[in-house]
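Below, chain A is the first sequence line, B the second, and so on; all start at residue 1. Basis for what follows: all heavy atoms, side chains included, without hydrogens, waters or symmetry-related copies.
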Amino acid sequence: MLLIENSSSFSLSLPPKNRIRMSNRNIRLRFAPSPTGPLHIGGVRTALYNYLFARKNGGKLILRIEDTDQARFVEGAENYINEDFAWCGIEFDESIEKGGGFGPYKQSERKHLYKDFADKLIESGNAYYAFDTADELNSMRLAYEVGKKTFVYNAVERKHLNNSLNISEKETAGRIKNGDAFVVRFKMPENEVVVMNDLIRGRVEVNTSVLDDKILFKSDGMPTYHLANIVDDHLMQISHVIRGEEWLPSLPLHVLLYDAFGWEKPGFAHLPLLLKPDGNGKLSKRDGDRLGFPVFPMQWTDPKTGETSRGYREDGYFPEAFINMLALLGWNPGDERELFSMDALIEAFSIERVGKSGSKFDLEKAKWFNHQYLIKKNNDELADLLMPTVIKNGILVEKEQLADAISLVKERATFVNDLWDQLDFFFKRPQQYDAKAVKKRWKANSFDLMTELKGILANIAGFEAQNIEAVVKQWIEENEYGMGAVMNAFRLLIVGALKGPHLFDIISRIGQEETLERIDQGLHELGRKE
RNA sequence: GCACCGUUCGUCUAGCCAGGUCAGGACGCCAGGUUUUCAUCCUGGUAACACGGGUUCAAAUCCCGUACGGUGUACCA
């Protein structure tokens, strides 16, 4: 049995010699989505970890579009991906838009490159031509299934299948010249142990006897993911591949491909998956609609069905909160900090502290993150964000006034739009009076109490919160009316409900005249309780 | 089926590599306190090492097995 060592560059157990060699290698990472739909949060997290790793180590991040599957292309997906990263604040150093010295950055535009590499593999005996059609293979799989066996195109089966291993070189050349459809398959060694090193999982080994002869080059002239991926990563001088765990089973093939080409391998890290919040299984598109939370960073409308899926952006999440939440889903700094700006994440990030097991998204924690960011934002900025909502509600107000009101209620909100519900009464008289509150707090003596209070308020010269409070409290104490009885009824007249910040802060903002008018309105609406 | 990966409070997780802590934190939840209301806030509480063996004076931690879960097994990525 032969041992194939993956001399992965960043394993700490490697001899110093290797590490010195590697330290000279530039750090270059890539995120390589395929434009088959919108990127969901799992993909964004993968991109984020790539970004953090690159920045942390002074490297570059590349965006490469892997569109080798022409059948699954979805209109608008590429555009969505770009917009998405712009919103999140994940920046690429090289991409279709930005360019760079290793383009093109779209695989369909690199099509001409791959055939040569497939040929090299054939020449070196690591690959071969196969003429079996997809239909033939499918029916063979079916036949095996009936016999409770699994068909695998491997070292055993290939001996009696329709490929160049079983016919002469001349005949192969003839068939290709003749225009017969063919694919190129990797010739998997029959019985070798491939030893791999994963930056997160450590040493992983697998015997090639359980692997199959994967197609590298399709009959439509395009490479499969496996070939294109290895070729491009090599050509683009990628030093580290950080990708989802669903790729771990393909790692032996990829390692073998690097060896077959004689290329230096990048370091590999396979990230645990994001799981469905209920039950198990990896998070998918549909889960969001089913469970009532966004799966996509931004809203997405399917160009074919017209179906719309909600997004974090549209739901009111701040990109910083979204990124912070996502970063902590599978990674932690090793201490008890939880709030991280992007810069702080870059500073703190290390691939070793990424967990091994999948994590479930928690909506409540996501909201908590957003709340933390909302209370940290300055009031002017929040006023700008809230202003459209205010205008939509038919209210005209100066930004300064709005910012001032926000400062009094921001602690109560999770999203910017929550703010409106928390402060609309600063700019709007009560349209109705909360029935429950009226029942509970509008007592038999309330009408007279409020009428008397109105007189007190009307005579205050400086209508500032502290001043009003002092006067009103003194009046209450002198007459032994009781704080609760007065203040709750008063709040009901001003706000229309038993909610909101310090009442004297509210009336000092709306002003003396408005305060008196609201008392009049409330007195008229609620009347004297019998 | 086969291969690989995984498994600590309901959730995110620390601790595991270098065995000895009442198994720590956060979100949620519950209770109490503060408050003119609601919310915030403060204090406290709730709750976990998948199971079974082994090694050891001592196991969440090391070893083996089992169970459960996940991923992969396409001319998808």
Side-chain angles (χ1 to χ4, degrees), chain A residues 32-36 66-69 71-72 130 132-134 137-138 141 145 148-153 181-185 196 198 200-202 204-207 209-212 214-220 222-226 228-229 243-252 270 272-273 275 277 279-282 325 328-338 352-353 355-369 371 375 409-413 422 437 440-441 469 472-473 476 482-492 495 497-504:
Chain A
S34 80
T36 53
E66 305 213 328
D67 57 344
T68 50
D69 186 359
R72 291 208 309 161
D132 323 82
T133 67
L137 294 173
N138 279 337
R141 282 198 185 91
E145 234 173 85
K148 296 215 166 162
K149 285 195 286 186
T150 309
F151 172 77
V152 182
Y153 208 120
F182 68 90
V183 300
V184 175
R185 283 183 183 271
M196 299 158 283
D198 183 276
I200 294 169
R201 282 150 227 281
V204 177
E205 39 181 273
V206 68
N207 193 303
S209 63
V210 299
L211 270 18
D212 64 341
K214 276 272 172 297
I215 291 176
L216 302 176
F217 199 83
K218 301 185 267 187
S219 58
D220 66 358
M222 282 290 235
T224 59
Y225 168 85
H226 303 292
N229 183 264
R243 80 233 286 201
E245 195 185 359
E246 68 269 26
W247 292 110
L248 197 49
S250 306
L251 183 57
H270 290 87
L273 267 16
L275 273 19
N280 291 300
K282 77 173 170 180
M325 177 272 291
L328 272 290
L329 224 47
W331 171 86
N332 74 83
D335 54 41
E336 282 166 6
R337 290 175 297 163
E338 290 198 281
E352 291 79 23
R353 292 212 62 87
K356 292 181 175 68
S357 51
S359 23
K360 293 177 187 171
F361 168 83
D362 181 6
L363 184 62
E364 292 306 320
K365 189 84 184 225
K367 284 182 184 166
W368 177 81
F369 274 113
H371 176 243
I375 59 182
V409 303
K410 68 202 282 196
E411 293 271 341
R412 304 152 182 271
Q422 298 293 340
K440 194 174 170 196
R441 295 298 190 180
E469 181 166 357
V472 171
K473 278 190 169 166
I476 291 171
M483 280 294 271
V486 174
M487 295 305 293
N488 283 303
F490 189 18
R491 179 176 292 276
L492 197 47
V495 175
L498 297 176
K499 65 171 191 181
H502 197 59
L503 192 50
F504 296 106

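- Applying the Watson-Crick and G-U wobble criteria (two distances, each under 3.5 Å), B:U56 pairs with nothing in any strand.
- Taking the C1' atoms as reference points, B:U46 lies 16 Å from B:G24, given to the whole Å.
- A distance of about 15 Å separates the P atoms of B:U37 and B:G32, rounded to the whole Å.
- A:Asn229 comes within 4.0 angstrom of nothing in the nucleic acid, heavy atoms only.
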Query raised in the report: Along nucleotides 64-72 of chain B, 5' to 3', which nucleotides get a B, which get an S, and which get a -, given that the test is a protein heavy-atom distance under 4.0 Å?
Result: -----SSSS
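- Distance noted for atom C1' between B:G10 and B:G28: 8 Å (whole Å).
- If you check every strand for non-hydrogen atoms under 4.0 Å, A:Gly484 touches nothing.
- If you take atom C1' in B:A18 and the same atom in B:A59, they sit 15 Å apart, rounded to whole Å.
- Remark: B:G72 base-pairs with B:C2; criterion is Watson-Crick or G-U wobble with both hydrogen-bond distances under 3.5 Å.
- In this structure, A:Val206 and A:Gln422 both approach RNA chain B, and ranking their closest nucleotides by distance from the 5' end singles out A:Val206.
- For the pair A:Glu338 and A:Trp368, the minimum side-chain heavy-atom distance is below 4.5 Å.
- Rounding to the nearest 0.5 Å gives a distance of 10.5 Å between CZ of A:Arg337 and CG of A:Leu328.
- When heavy atoms are screened at a 4.0 angstrom cut-off, A:Thr68 is found touching the sugar-phosphate backbone but no base atom.
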Report task. Apply the test side chain to side chain donor-acceptor pair (under 3.5 Å) to residues A:His502 and A:Glu469: give CA-CA distance (whole Å), side-chain angles for both, the deciding distance (0.1 Å), then the verdict. Result -> CA-CA 10 Å; A:His502 197 59; A:Glu469 181 166 357; 3.0 Å; yes
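- Distance alone, capped at 3.5 Å, places no donor-acceptor pair between the A:Asp198 side chain and the A:Val204 backbone.
- Between the side chain of A:Asn229 and the backbone N or O of A:Tyr225, no donor-acceptor pair lies under 3.5 Å.
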Distances under 3.5 Å between nitrogen or oxygen atoms of protein and nucleotides 14-16 of chain B:
{"residue": "B:A14", "atom": "OP1", "partner": "A:Asn332", "partner atom": "ND2", "Å": "2.8"}
{"residue": "B:A14", "atom": "O3'", "partner": "A:Arg353", "partner atom": "NH2", "Å": "3.2"}
{"residue": "B:G15", "atom": "OP1", "partner": "A:Arg353", "partner atom": "NH1", "Å": "3.3"}
{"residue": "B:G15", "atom": "OP1", "partner": "A:Arg353", "partner atom": "NH2", "Å": "3.3"}

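- Residue A:Pro501 is in base contact, counting any heavy-atom pair closer than 4.0 Å across all strands shown.
- Closest-nucleotide positions on RNA chain B for A:Arg491 and A:Lys218 were compared, and the one nearer the 5' end corresponds to A:Arg491.
- Listed pair A:Arg141 / B:A74 meets the phosphate criterion, a side-chain N or O lying under 4.0 Å from OP1 or OP2.
- When heavy atoms are screened at a 4.0 angstrom cut-off, A:Gly330 is found touching the sugar-phosphate backbone but no base atom.
- The side chain of A:Lys499 has B:C38 as its nearest neighbour among B:C75, B:U36, B:C38.
- Between the CD atom of A:Glu469 and the P atom of B:U35 there is a distance of 13 Å, given to the nearest Å.
- Going from atom NZ of A:Lys440 over to atom C1' of B:U37 covers 8 Å, rounded to whole Å.
- A 4.5 Å side-chain heavy-atom check between A:Arg201 and A:Glu245 finds at least one atom pair inside the cut-off.
- Counting non-hydrogen atoms under 4.0 angstrom, A:Val409 reaches nothing in the nucleic acid.
- Protein atom CG of A:Asn138 is 7 Å distant from nucleotide atom P of B:C75, rounded to whole Å.
- Base pairing annotation: B:G10 forms a Watson-Crick or G-U wobble pair with B:C27, both donor-acceptor distances under 3.5 Å.
- Distance CZ (A:Phe504) to C1' (B:U35): 13 Å, rounded to an integer number of Å.
- B:G32 and B:C42 make up a base pair, with Watson-Crick or G-U wobble contacts both under 3.5 Å.
- Side-chain contact check for A:Tyr153 versus A:Ile215: every heavy-atom pair is 4.5 Å or farther apart.
- The distance between atom CG of A:Leu211 and atom C1' of B:U73, rounded to the nearest whole Å, is 10 Å.
- Atom CG of residue A:Leu211 and atom OG of residue A:Ser250 lie 9.0 Å apart, to the nearest 0.5 angstrom.
- The residues A:Asp362 and A:Lys360 are annotated as not salt-bridged, no charged nitrogen and carboxylate oxygen being separated by less than 4.0 angstrom.
- The A:Ser357 side chain lies nearest to B:U7 when the options are B:C75, B:U7, B:A77.
- The shortest side-chain heavy-atom distance between A:Lys214 and A:Asp212 falls under the 4.5 Å cut-off.
- We find the CG-CZ distance between A:Leu503 and A:Arg491 to be 5.0 Å, quoted to the nearest 0.5 Å.
- Using the Watson-Crick or G-U wobble rule with both distances under 3.5 Å, B:A47 pairs with nothing in any strand shown.
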Return the polar atom pairs (N/O with N/O) between nucleotides 26-28 of chain B and the protein under 3.5 Å, or none.
{"residue": "B:A26", "atom": "O4'", "partner": "A:Glu338", "partner atom": "OE1", "Å": "3.4"}
{"residue": "B:A26", "atom": "O2'", "partner": "A:Glu338", "partner atom": "OE1", "Å": "2.3"}
{"residue": "B:A26", "atom": "O2'", "partner": "A:Glu338", "partner atom": "OE2", "Å": "3.2"}
{"residue": "B:A26", "atom": "O2'", "partner": "A:Lys365", "partner atom": "NZ", "Å": "2.8"}
{"residue": "B:A26", "atom": "N3", "partner": "A:Lys365", "partner atom": "NZ", "Å": "3.3"}
{"residue": "B:C27", "atom": "O2'", "partner": "A:Lys365", "partner atom": "N", "Å": "3.4"}

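- Residue A:Phe361 contributes atom CZ, which lies 16 Å from atom C1' of B:U13 at whole-angstrom precision.
- Using a 4.0 Å heavy-atom criterion, one finds that A:Thr224 contacts the sugar-phosphate atoms exclusively.
- With P as the reference atom, B:A67 and B:C51 are 16 Å apart, rounded to whole Å.
- Spacing of C1' atoms, B:G45 relative to B:G25, comes out at 16 Å, to the nearest Å.
- Nucleotides B:U21 and B:C16 are separated by 14 Å at their C1' atoms, to the nearest Å.
- Below the 3.5 angstrom threshold, one finds a donor paired with an acceptor across the side chain of A:Arg72 and the base of B:C76.
- Note on A:Ser359: a side-chain N or O is less than 4.0 Å away from OP1 or OP2 of B:U13.
- Distance check on atom P: B:C4 versus B:U13 gives 25 Å, rounded to whole Å.
- Comparing B:C76, B:C4, B:C38 against the side chain of A:Val204 picks out B:C4 as the nearest.
- Within a 6.0 Å radius of NZ in A:Lys356, no more than 12 heavy atoms belonging to other residues, nucleotides or ligands are found.
- Here A:Met483 contributes atom CE and A:Asn488 contributes atom CG; the two are 10.0 Å apart, rounded to the nearest 0.5 Å.
- Distance CG (A:Asp212) to P (B:G1): 19 Å, rounded to an integer number of Å.
- With hydrogens and angles disregarded, no donor-acceptor distance shorter than 3.5 Å links the side chain of A:Arg441 to the backbone of A:Leu492.
- On a pure distance criterion of 3.5 Å, a polar donor-acceptor pair joins the side chain of A:Arg412 and the base of B:C38.
- Contact annotation: the side chain of A:Lys218 approaches that of A:Thr224 to within less than 4.5 Å [non-hydrogen atoms, C-beta and beyond].
- Minimum atom distance to the side chain of A:Ala134 is reached by B:C75, of the listed B:G6, B:A77, B:C75.
- Between the C1' atom of B:G6 and the CG atom of A:Asp198 lies a distance of 13 Å, rounded to the nearest Å.
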